K.L.:
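Just passing along the structure, written as structure tokens.
Nothing here was measured: the structure is a model prediction, and the numbers come from that model. This chain uses plain numbering: 1 for the first residue, then up along the sequence.
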Amino acid sequence: MSEKVDADRIKEIYKLCKSHFGDLNFVGIKYHTKIGWMAKAQLGDDFENLTADGKTSSDALRNLRARVKKIIKRYNGV
């Protein structure tokens, strides 16, 4: 099995958000000079943006995925 790349992680987060939140504009990553790598999921009009940062782009995407999963778990627990 080949190693996961950031594109695979972005697709996985996109599918996860799309299946749970429905309307989704984009999932992406960019570098800020003061913060570092920022992963962002821009949800539809009803929700705010979800962001996570990390030392590397992969770390930021992992943190965003964990955050999304935590929100879904909390939502399903209610």
K.L.:
In the single-linkage hydrophobic clustering (I, L, V, M, F, W, Y; side-chain heavy atoms under 4.5 Å), do M38 and L43 co-cluster?
P.N.:
no
K.L.:
Are I10 and F26 close enough that some pair of their side-chain heavy atoms sits under 4.5 Å apart?
P.N.:
no
K.L.:
Report the distance from atom OH of Y31 to atom OG of S57, rounding to the nearest 0.5 Å.
P.N.:
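Going from the OH atom of Y31 to the OG atom of S57 covers 11.0 Å.
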K.L.:
Would you call H20 and Y75 a side-chain contact if the rule is heavy atoms closer than 4.5 Å?
P.N.:
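Yes, their side chains come closer than 4.5 Å.
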K.L.:
Below 4.5 Å, heavy atoms only, C-beta onward: do K40 and K30 meet side chain to side chain?
P.N.:
no
K.L.:
Let me know which of I29, L61, L24, L50 forms a side chain to side chain contact (heavy atoms under 4.5 Å, CB included) with I13.
P.N.:
L61
K.L.:
Counting C-beta onward and ignoring hydrogens, is there a side-chain heavy-atom pair between R65 and R9 closer than 4.5 Å?
P.N.:
no
K.L.:
What's the shortest heavy-atom distance between A60 and G54, and which atoms?
P.N.:
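For A60 and G54, the tightest heavy-atom pair comes out as CB-N, 3.8 Å.
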K.L.:
Within this structure, what is the NZ-CG distance for the pair K55 and N63, rounded to the nearest 0.5 Å?
P.N.:
11.5 Å
K.L.:
Please report the interatomic distance SG(C17) to CG(D23), rounded to the nearest 0.5 Å.
P.N.:
11.5 Å
K.L.:
Are side-chain heavy atoms of R67 and K69 found at a separation under 4.5 Å?
P.N.:
no
K.L.:
Check V68 against L16 and note the closest heavy-atom contact, atom names and distance.
P.N.:
CG1-CD2, 3.8 Å
